Amino acid sequence: SLQDGLASAFKSLRGKGKLTESNIREGLGLVEQTLLDADVSFSVVQEFMKKVTEKALGQRVLLALNPSEQLMGVVHEEMLELLGKGEDSFDLKKGFNVLMLCGLQGSGKTTTCGKLGKYLQDKKLKPMLVAADLQRPAAIEQLHVIGKQLGIPVYSEGDHKDPVKVCQNAIAKAKQEEIDVVILDTAGRLAIDEELMQQLKEVDRKVMPDQVMLVVDGMTGQDAVNSAGAFNKALELNGVIMTKLDGDSRGGALLSVRHVTGVPIKFLGTGEHLNSLEYFRPEGMAGRILG
Amino acid sequence: KKEGRLIDDEFLSELFAILVKTDMGAGPANTIRNRLRKDFRGRVVEMEELLGVVREELKILLEQPETPIELVSEGPTVILVVGVNGSGKTTSIAKLSQMFIDRGKKVVLGAGDTFRAAAVEQLTIWADRAGCDIVKGKEGADPASVAYGAVAKAIETEADVCIIDTAGRLQTQTNLMEELNKIHRVIGKQIEVAPHEVLLVLDATAGQNAISQAKGFSDAAECTGIVLTKLDGSAKGGVVVPIRQQFNLPVKYIGVGEGNRDLLVFQSNEFVDALFE
Ligand SMILES: Nc1nc2c(ncn2[C@@H]2O[C@H](COP(=O)(O)OP(=O)(O)OP(=O)(O)O)[C@@H](O)[C@H]2O)c(=O)[nH]1
Ligand SMILES: Nc1nc2c(ncn2[C@@H]2O[C@H](COP(=O)(O)OP(=O)(O)OP(=O)(O)O)[C@@H](O)[C@H]2O)c(=O)[nH]1
Ligand SMILES: [Mg+2]
Ligand SMILES: [Mg+2]
């Protein structure tokens with residue numbers, strides 16, 4: 001672990017007087033390597049290391065009796081600062097709400113729509129899931145199966161080609177049926193696909209969801225800065241949900257997404273089952289990223 | 001005459017950044033940087049020249065024969081497709097079957113994902129589009145029995161290729177890796193050297209975790225190659241470099257879109273050039 005790495009890097013210096021700047025830089029090299037190994041994007045690591053280096057070369061680490069722990073403390077603090085506050089509730093405005101989920105192909109949007117539906121249902125709200133992915137084979141069917149498992153209504157239209165129309169019709173129906181929250185499942189798309197990003201902007205503009213959330217795969221590597229940046233630029237995200245964190249991926253992409261969008265992390269997906277949704281706890285993720 | 005730059009630490013840091021951003025990992029990027037520092041120290045070169053050196057060795061490392069999958073002369077060639085959730089397995093199977101059908105081969109598909117919502121429906125739509133047979137089991141059926149049924153059907157109908165889909169799973173899910181191992185063994189009982197190919201489907205947006213995926217899936221199901229998907233995006237997929245170095249697992253095909261003809265045979269030259277674009 002990084003903690004052990006720093007401890008052994010500085011161990012040989014004990015008793016030889018105080019640490020030098022070059023000793024600290026060796027420790028900083030280990031920190032940088034750890035972050036890159038954890039899949040934090042290169043430019044984000046650079047920015048992060050600037051802040052850490054400034055603090056690390058100060059009195060606190062240089063003159064400490066336990067420099068490796070002090071350096072670890074600096075890194076930990078900077079990371080918690082970047083990750084932002086944890087959540088212990090999901091804030092919806094009073095009355096009727098529309099949530100829209102978007103992201104790259106296969107990131108876990110459809111499943112997460114189901115999980116959010118269950119979460120709201122457990123909070124005694126009436127959700128409706130909307131099958132606005134009109135492109136992937138059996139995407140509509142997938143959402144219907146999920147809705148049926150949860151006893152949550154699913155709105156879909158058989159032969160529509162326009163996701164805007166489907167969403168608008170869904171919302172109209174939801175209001176008639178006293179639904180509290182409408183959750184829009186959109187098709188996965190590449191951030192560099194101009195036509196599909198334009199389509200998403202159209203949905204956002206015409207449907208005006210109260211919250212737009214980016215669903216990011218927990219094993220995403222360096223590309224996280226590119227895709228998150230592009231989606232945020234197109235839609236002004238309200239939140240991020242990171243999925244598939246039940247595996248052994250370090251999840252460094254979370255730091256990249258935070259750095260490039262500044263948007264809060266609302267939830268973490270921790271399994272395929274519809275109850276596998278957790279609030280974001282920064283301490284847990286910091287420890288995971290730092291290994 | 002173009003002016004080069006002195007190979008100093010700043011120059012090598014720029015190179016390191018380019019390499020890391022491909023997702024090859026800090027370790028391999030460092031190894032390359034250190035070796036170039038040793039071989040080129042104090043010389044004046046263009047960044048292009050240095051990258052050219054790196055390109056060449058990566059092209060050689062990642063080289064693959066022209067025909068990634070050789071069909072066997074007797075009986076169906078059985079291909080098992082595995083990988084983590086959402087990586088592109090089902091869609092890649094659609095592409096592979098279309099590719100074989102375009103070559104006049106007879107294909108049978110096995111809908112081995114008996115777990116995920118509408119997984120069988122999804123593959124069935126692709127089978128209908130390609131015009132090939134598909135073997136399904138009841139919902140929640142043992143995937144090994146579906147695999148068995150698909151291979152049996154392929155033998156019985158003298159199909160050339162049998163491709164078996166499996167549910168997405170994480171390499172850390174021990175019971176699910178056990179299940180994959182069982183599917184592999186069941187197929188092997190029907191046709192001695194089958195499955196002839198076990199393709200690990202890797203998402204090009206994946207970072208270093210792909211290495212853990214390669215290890216886990218290879219241990220469970222003896223992978224023979226990789227299908228690297230979503231290369232039509234901005235992700236580079238450079239993690240296949242350490243995977244090739246550590247497991248000698250080659251990339252056989254790349255996915256470049258969501259349609260059933262968006263599959264290309266892996267060409268190491270083009271792939272490596274794209275890494276540095
Ligand atoms: N292990 C695990 N699997 C997940 C998680 N979230 C989603 N999945 C799985 O990931 C795969 C993809 O999920 P989908 O919900 O279909 O993803 P999507 O973003 O809607 O995909 P597209 O619509 O094709 O872009 C499925 O196998 C899901 O069961 C998670 O938190 N953990
Ligand atoms: N752009 C792009 N999208 C792809 C590619 N391959 C697959 N996809 C998309 O990725 C998403 C997931 O593909 P699937 O084939 O369902 O993935 P899977 O591995 O079978 O998923 P699970 O069975 O849920 O684990 C779908 O939206 C596909 O259209 C590719 O090469 N390029
Ligand atoms: Mg979906
Ligand atoms: Mg599938």
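Please read all numbers here as calculations on a predicted model, not as lab measurements. Letters go in sequence order (proteins before strands), and every chain restarts at 1.
- Judged by distance alone, with hydrogens and angles left aside, the side-chain atoms of A:K244 form a donor-acceptor pair with the main-chain N or O of B:N85 at under 3.5 Å.
- Atom CD of A:E47 is surrounded by more than 12 heavy atoms from other residues, nucleotides or ligands within 6.0 Å.
- The two atoms that bring A:P137 and B:R129 nearest to each other are CG-NH1, 4.1 Å, heavy atoms only.
- Within the 4.5 angstrom heavy-atom criterion, no atom of A:Q149 approaches chain B.
- Side chain of A:D39 to main chain of B:Q208: a donor-acceptor pair is present (N/O by atom type, distance under 3.5 Å, no hydrogens or angles).
- Distance OG/A:S43 to NZ/B:K21: 6.0 Å, rounded to 0.5 Å.
- With values rounded to the nearest 0.5 angstrom, B:E121 atom CD is found 5.0 Å from A:E141 atom CD.
- Here the options are B:T22, B:V20, B:V239, the test is side-chain contact (heavy atoms from CB on, under 4.5 Å), and the partner is A:Q222; only B:V20 passes.
- Contacts of A:Q46 with chain B are absent, with no heavy-atom separation under 4.5 Å from either backbone or side chain.
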**OP:** Let me see the working for B:T172 and A:D248 under side chain to side chain donor-acceptor pair (under 3.5 Å), right down to the final yes or no.
**Re:** CA-CA 7 Å; B:T172 45; A:D248 61 359; 5.3 Å; no
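- Between chain A and the residues B:A210, B:G86, B:A29, the largest count of heavy-atom pairs under 4.5 Å involves B:G86.
- B:V84 touches chain A through its side chain: at least one heavy atom from C-beta onward sits under 4.5 Å away, while N, CA, C and O do not.
- Atom CD of B:E139 has 12 or fewer neighbouring heavy atoms from other residues, nucleotides or ligands inside a 6.0 Å radius.
- The distance from the CZ atom of A:F42 to the CG atom of B:D23 is 13.0 Å, given to the nearest 0.5 Å.
- Your options are B:A118, B:A94, B:G238, B:S87, and the one with the most heavy-atom pairs under 4.5 Å with chain A is B:A118.
- Judged by distance alone, with hydrogens and angles left aside, the side-chain atoms of B:K230 form a donor-acceptor pair with the main-chain N or O of A:Q105 at under 3.5 Å.
- Residue A:E272 holds its CD atom at 8.0 Å from CG of B:L176, rounded to the nearest 0.5 Å.
- Heavy-atom pairs under 4.5 Å with chain B were tallied for A:D193, A:D223, A:D217; the largest tally goes to A:D223.
- Looking at B:N30, the atoms closer than 4.5 Å to chain A (heavy atoms on both sides) all sit in the side chain, from C-beta outward.
- Note that the CE atom of A:M219 and the CD atom of B:Q213 stand 5.0 Å from one another [nearest 0.5 Å].
- Residue B:S234 comes nearest to A:I192 through the heavy atom pair N-CD1, 3.9 Å, listed as atom of the first residue, atom of the second, then distance.
- Of all non-hydrogen atoms in A:A138 and B:I125, the two that sit nearest each other are N-CD1, 3.6 Å.
- For A:R250, no part sits under 4.5 Å from any heavy atom of chain B, backbone or side chain.
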**OP:** Before giving the answer on side chain to side chain contact (heavy atoms under 4.5 Å, CB included), spell out for A:R136 and B:Q122 the whole-Å C-alpha distance, their side-chain angles and the decisive distance to 0.1 Å.
**Re:** CA-CA 8 Å; A:R136 167 175 155 153; B:Q122 184 188 4; 3.4 Å; yes
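- The side-chain contact (heavy atoms from CB on, under 4.5 Å) test with B:T205 singles out one residue from A:N226, A:L190, A:L104, and that residue is A:L104.
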